[in-house]
2 protein chains.
Amino acid sequence: MREFIEITKALSDSNRVRLLCALRNGELCVCQLIELLGLAPSTVSKHLTILKHARLIECRKEGRWVFYRIDEIASPDAKKALDLVFGCVSDSDEILRDDRKMVEILKIGREELCRKTELKE
Amino acid sequence: MREFIEITKALSDSNRVRLLCALRNGELCVCQLIELLGLAPSTVSKHLTILKHARLIECRKEGRWVFYRIDEIASPDAKKALDLVFGCVSDSDEILRDDRKMVEILKIGREELCRKTELKE
DNA sequence: ACTTCATTTCGTTAATTGGCGAAGTATAGA
DNA sequence: TCTATACTTCGCCAATTAACGAAATGAAGT
């Protein structure tokens with residue numbers, strides 16, 4: 001039960017659901033997820049920690065970058081929960097909009113993307 | 001997305017998950033659910049309202065009593081979510097304990113149960 | 001009509017949560 | 001070794017939430 005509640009709590013915020021959906025097509029760097037959500041880096045990092053703690057995602061370090069992806073060896077409950085998420089919201093307006101935005105984000109290189117974040121305003 | 005978040009928020013509290021599981025074998029009266037959870041009537045009522053608003057349960061009035069049950073005509077998302085709940089926690093210790101307690105509660109009649117609530121302590 | 005009783009609504013309180021910016025950590029490059 | 005950079009942790013604030021008891025609602029029995 002405790003594990004299940006941890007999973008549902010993780011899923012009970014739309015920004016976290018957006019993060020999971022963004023990762024459903026493969027791993028992404030934190031800076032790309034920050035750009036997608038348009039939130040402060042610290043906020044995005046916190047959301048990622050919550051998803052990771054619920055064992056829905058895992059991460060990998062490569063130099064200065066950290067890549068997150070859907071947890072390949074997620075628990076049975078986590079796997080079922082991920083299926084639910086993707087089954088319910090994959091074709092929602094919000095997620096389709098995110099998908100389109102991510103295409104644009106991927107066109108920019110990671111290096112340029114991070115520099116761009118600094119230039120904002 | 002909004003509907004989905006409303007569902008996951010509803011599922012992100014263990015008392016509400018316990019309520020759903022209690023109802024998975026058929027409808028129950030509020031007084032029986034109060035006895036099961038051991039919480040204040042107003043608290044249980046609020047939890048039921050949240051579950052109902054997420055379209056996971058529905059209710060029926062019969063005289064002074066109100067019976068709740070799993071929503072038979074739940075939305076596709078709600079149905080999938082209910083499957084997830086039952087698939088993940090039906091055989092957890094907490095729910096098995098609740099199942100046993102409910103057998104005892106059902107032995108007491110509703111009338112006696114409500115009177116018993118007053119006699120507490 | 002009046003009372004009783006099952007449930008809900010309201011108001012309050014303590015705890016949790018989502019957001020941010022500042023400070024901290026760790027890695028790459030000069 | 002010093003700086004820049006990518007991310008995380010910490011400390012704070014505003015908003016939300018779970019809990020309760022008191023008051024309101026509404027149906028039955030007297």
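First the proteins, then the strands, lettered A, B, ... as listed; each starts at 1.
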Take the protein atom [atom1] of [X] and the nucleotide atom [atom2] of [N], then report the distance between them rounded to whole Å.
| X | N | atom1 | atom2 | result |
| --- | --- | --- | --- | --- |
| E62(B) | dA6(C) | CD | C1' | 13 Å |
| K9(A) | dA15(C) | NZ | P | 15 Å |
| W65(B) | dG26(D) | CH2 | P | 18 Å |
| L19(A) | dG18(C) | CG | P | 12 Å |
| N15(A) | dT16(D) | CG | P | 15 Å |
| R60(A) | dC7(D) | CZ | P | 12 Å |
| K46(A) | dT16(C) | NZ | P | 13 Å |
| L51(A) | dT17(C) | CG | P | 14 Å |

May I ask you to verify if any side-chain N or O of T43(B) is less than 4.0 angstrom from the OP1 or OP2 atom of dA19(D)?
->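 Checking dA19(D) against T43(B), no side-chain N or O comes under 4.0 Å of OP1 or OP2.
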
Is the distance from OP1 or OP2 of dT17(D) to the nearest side-chain N or O of H47(B) less than 4.0 Å?
->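 Answer is no, no contact under 4.0 Å.
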
Which nucleotide in [options] has an atom nearest any side-chain atom of [X]:
| X | options | answer |
| --- | --- | --- |
| L39(B) | dG19(C), dT9(D), dA19(D) | dA19(D) |
| R64(B) | dA6(C), dA6(D), dT8(C) | dA6(C) |
| D13(B) | dA18(D), dA28(C), dT17(C) | dA18(D) |
| A40(B) | dA6(C), dT27(C), dC20(D) | dC20(D) |

When you check the gap from the basic side-chain N to the acidic O, do D77(B) and K80(B) get nearer than 4.0 Å?
->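 A salt bridge links D77(B) with K80(B).
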
Have E94(A) and S14(A) got a donor and an acceptor in their side chains that come within less than 3.5 Å?
->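 Side-chain D/A pair, E94(A) to S14(A): absent.
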
Ignoring hydrogens and geometry, is there a side-chain-to-backbone donor-acceptor pair from E58(B) to E72(B) under 3.5 Å?
->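 Yes; judged by distance alone, with no hydrogens or angles, the pair exists.
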
Is the closest side-chain heavy-atom distance between R24(A) and D99(A) below 4.5 Å?
->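 They are in side-chain contact.
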
At under 4.0 Å between heavy atoms, what does Y68(B) touch on the DNA or RNA strands: base, sugar-phosphate, or nothing?
->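 Since only primed, P, OP1 and OP2 atoms lie under 4.0 Å of Y68(B), the category is sugar-phosphate.
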
Please tell me which of R16(A) and G63(A) maps to the more 5' nucleotide of DNA chain C, matching each residue to the nucleotide holding its nearest heavy atom.
->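 The residue whose closest nucleotide sits nearer the 5' end is R16(A).
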
Check: S42(A) side chain, dG21(C) base, donor-acceptor under 3.5 Å |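 Result: at least one qualifying N/O pair found.
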
For the side chain of K61(B) and the base of dG26(D), is some donor closer than 3.5 Å to an acceptor across the two?
->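 Check fails, no donor-acceptor contact within cut-off.
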
Atom CZ of R60(A) with >12 non-hydrogen neighbours under 6.0 angstrom =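 Enclosed: over 12 neighbouring heavy atoms sit under 6.0 Å from CZ of R60(A).
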
